[in-house]
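Note that the structure is a prediction, hence the values are computed from the model and not measured.
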Amino acid sequence: AKHGATLGVTALTSWQRSALTENVDTISAMAGKPDVVLLLGGINDLSPGFDAPATVFGNWTNVVSRLVKNLPDTKIVVTTTLHAGPGRTDSLNTNADNFNTLIKSYINDMPAAWSGHVYFVDLCDAVKSAETGVISSDNLHPDWLGDDQMAEGWLSVITNLYPSADGVFPSSTPLPSVSEGELGAAAQSERA
């Protein structure tokens with residue numbers, strides 16, 4: 001797992017985080033031969049003042065292409081980026097929508113080299129709250145309920161890729177009935 005890496009260079013300069021575009025080859029070599037790679041990225045890179053959606057998308061396609069090349073026996077599941085919640089700027093969600101449109105268009109007209117290697121799930125549509133449109137404790141990163149919804153989205157694709165693996169993946173357990181506010185507070189408490 002490579003958590004906290006950015007896709008773009010502007011965000012790297014601002015946050016002093018490693019850019020996935022710069023070290024995807026090293027990460028691929030260290031990964032060995034994974035069955036599946038999950039790629040979710042973009043929301044931090046799309047923050048106002050950082051990179052434009054087209055630039056982030058260019059970095060995203062670079063990362064996916066290199067994963068396909070470096071890990072030819074691995075199935076790569078990509079997704080849209082998630083929306084930010086209340087308290088974040090509208091321009092961030094506009095940037096996310098533009099980025100997601102580019103991803104969906106590209107997936108619909110996928111390069112031949114990606115066929116049989118790259119699969120898509122739309123987590124932006126899957127991770128939702130009735131009240132805010134996003135499941136998050138900080139209005140940017142998913143909380144427990146958001147993580148659960150993301151896992152269900154990823155799992156729906158993975159189980160279709162491995163239909164003979166019945167019983168390998170546990171069935172999902174419904175979350176206890178709690179309000180999103182309580183869940184958000186619990187997630188914040190756990191992080192602290």
Close side-chain approach of [X] and [Y], heavy atoms under 4.5 Å:
| X | Y | value |
| --- | --- | --- |
| V63 | L39 | yes |
| I43 | H83 | no |
| L46 | D51 | no |
| V118 | V77 | no |

[atom2] on [Y] to [atom1] on [X], rounded to 0.5 Å:
| X | Y | atom1 | atom2 | answer |
| --- | --- | --- | --- | --- |
| N100 | S105 | CG | OG | 10.5 Å |
| T74 | L67 | OG1 | CG | 8.5 Å |
| L123 | Q149 | CG | CD | 10.0 Å |
| N160 | K75 | CG | NZ | 12.0 Å |

Check [X] against [Y] and note the closest heavy-atom contact, atom names and distance.
| X | Y | answer |
| --- | --- | --- |
| D45 | L7 | OD2-N, 2.9 Å |
| G153 | S156 | O-OG, 2.6 Å |
| F99 | T81 | CD2-CG2, 3.8 Å |
| K69 | P72 | O-CD, 3.7 Å |
| T80 | L40 | O-CD1, 3.3 Å |

Checking M150 against T79 for the side-chain contact (heavy atoms from CB on, under 4.5 Å) test, could you report, in this order, the C-alpha distance in whole Å, the side-chain angles of both residues, the deciding distance, and whether it holds? CA-CA 10 Å; M150 286 174 52; T79 184; over 6 Å; no
The criterion is ring pair (Phe, Tyr, Trp, His ring centres under 6.0 Å); which residues satisfy it with Y106, sequence neighbours excluded?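 Per chain and number, Y106 pairs via ring pair (Phe, Tyr, Trp, His ring centres under 6.0 Å) with F57, W114.
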Which residues share a ring pair (Phe, Tyr, Trp, His ring centres under 6.0 Å) with W154, sequence neighbours left out: none
Sequence neighbours excluded, which residues qualify as side-chain contact (heavy atoms from CB on, under 4.5 Å) partners of N98? P53, T94
Could you work out, with salt bridge (charged side-chain N to carboxylate O under 4.0 Å, His left out) as the rule, every residue matching K104, not counting sequence neighbours? D122
Pair V78, Y119 - check side-chain contact (heavy atoms from CB on, under 4.5 Å), show working. CA-CA 6 Å; V78 299; Y119 301 86; over 6 Å; no
Donor-acceptor list for residues 25-37 side chains, cut-off 3.5 Å, not counting sequence neighbours:
from, atom 1, to, atom 2, distance (Å)
D25, OD1, R66, NE, 3.4
D25, OD1, N70, ND2, 2.8
D25, OD2, R66, NH2, 2.8
S28, OG, V24, O, 2.8
S28, OG, N70, ND2, 3.4

The complete set of salt bridge (Lys or Arg N to Asp or Glu O under 4.0 Å) pairs with one or both residues in residues 77-86, sequence neighbours excluded, reads none
Between T61 and G58 (side chain of the first, backbone of the second, donor and acceptor by atom type, cut-off under 3.5 Å), is there such a pair?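 Checking the backbone N and O of G58 against the side chain of T61, a donor-acceptor pair under 3.5 Å is found.
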